[in-house]
Amino acid sequence: MPRKKKDGRFINYYIDRQIYERLEQYADDKGQSMTTAIERILKEYLDRYESTSQHEGGNMMYCPNCNLLVSGTRCPVCGSRQLSAPQPEDYCYLVEKEAIWSEALSDLLTQNQIPFLTKNVLGAGLAAKMGSGAEKVRFYVPYAHYENAHALEQEFFSAEAVAAELDQQTEE
């Protein structure tokens, strides 16, 4: 039985001989036809380009199921394609922190007048059984405050990591 024809378009471009020879070598090394090699190279490049341009341009989409900002057309957590442009009041996932660091982040956000919600990952019963040290806390902030909250969190915890490393080195 013959294989079903793919939905495609023919292309015909005049390219530099050295690039063509590199492409031909690449296809031989991968054991692919030239068409397959070109399709895969273009797909990888265009996926990366679209992902980067959406992230840099602020064209993030919002998954209401996961409260996650997504740079593609599908949520990486739940797989939903029911994404929408984030609204200023949409609470977006910021970060997950261990219980010991969650109080510090809560204070930081409060001091900077950034509203937030928290959600314990384990829940009260399991945290009580395993100990509060095992608990992790997820932080959510309104989209209108997301960039500021993200920058504060990155700055604070990168500085904390450096300070903790310096303290360890001085103790040794």
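Residues: numbered from 1 along the sequence shown.
- For the atom pair Leu109 CG and His145 NE2, the distance stands at 10.5 Å (nearest 0.5 Å).
- Annotation: the span from Leu105 atom CG to Leu152 atom CG amounts to 9.0 Å, rounded to 0.5 Å.
- Under the 3.5 Å distance criterion, the side-chain polar atoms of Glu135 are matched with a main-chain donor or acceptor of Val121.
- With contacts defined as side-chain heavy-atom distances shorter than 4.5 Å, the pair Met34/Glu24 qualifies.
- Using a 4.5 Å cut-off on side-chain heavy atoms (C-beta onward), Tyr140 and Cys92 make no contact.
- If you take CG on Leu94 and CG on Leu117, they are separated by 11.5 Å, rounding to the nearest 0.5 Å.
- Nearest heavy atoms, Ser33 versus Ala27: O-CB, 4.1 Å.
- By the salt bridge (charged side-chain N to carboxylate O under 4.0 Å, His left out) test, Glu96 pairs with Arg138, sequence neighbours left out.
- Cation-pi geometry between Lys119 and Tyr93 is not met: the NZ or CZ atom fails to fall both under 6.0 Å from the ring centre and inside 45° of the normal.
- Here the side chains of Asn148 and Tyr146 are not in contact, with every heavy-atom distance at 4.5 Å or above.
- Looking only at distances, a side-chain donor or acceptor of Asp16 sits under 3.5 Å from a matching main-chain atom of Gln18.
- Proximity of a side-chain donor or acceptor of Asp107 to a complementary backbone N or O of Ala104 within less than 3.5 Å is not detected.
- Residues Cys75 and Leu68 have side chains in contact (heavy-atom distance under 4.5 Å, counting atoms from C-beta outward).
- Using a 4.5 Å heavy-atom cutoff, the side chains of Leu69 and Tyr143 are in contact.
- Heavy atoms from other residues, nucleotides or ligands lying under 6.0 Å from CD of Gln113 number 12 at most.
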Margin query: side chain to side chain contact (heavy atoms under 4.5 Å, CB included), that's the test. Do Thr73 and Met61 meet it? Break it down for me.
Written below: CA-CA 8 Å; Thr73 59; Met61 298 301 285; over 6 Å; no
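- In this structure, Ser102 and Phe139 approach most closely via the heavy-atom pair O-CZ, 3.3 Å.
- Using a 4.5 Å heavy-atom cutoff, the side chains of Phe157 and Val95 are not in contact.
- Counting only heavy atoms from C-beta outward, the side chains of Gln32 and Tyr26 approach each other to under 4.5 Å.
- Checked by atom type and distance alone, the side chain of Arg74 pairs as donor or acceptor with a backbone atom of Gly79 at under 3.5 Å.
- Side-chain atoms of Gln87 come within 3.5 Å of backbone atoms of Ala85 as a donor-acceptor pair (strictly under, hydrogens ignored).
- At most 12 heavy atoms of other shown residues, nucleotides or ligands fall within 6.0 angstrom of atom CD in Gln82.
- Atom OG in Ser106 sits 12.0 Å away from atom CD1 in Ile114 (nearest 0.5 Å).
- Using a 4.5 Å heavy-atom cutoff, the side chains of Val137 and Trp101 are not in contact.
- Atom CD1 of Ile15 sits about 6.0 Å away from atom CG of Leu23, to the nearest 0.5 Å.
- The shortest heavy-atom contact between Pro115 and Tyr91 is CB-OH, 4.0 Å.
- Scanning all heavy atoms of the two residues, the minimum distance from Leu108 to Phe156 falls at CD2-CB, 3.6 Å.
- Considering CZ of Arg17 and CD1 of Ile19, their distance stands at 12.5 Å, rounded to 0.5 Å.
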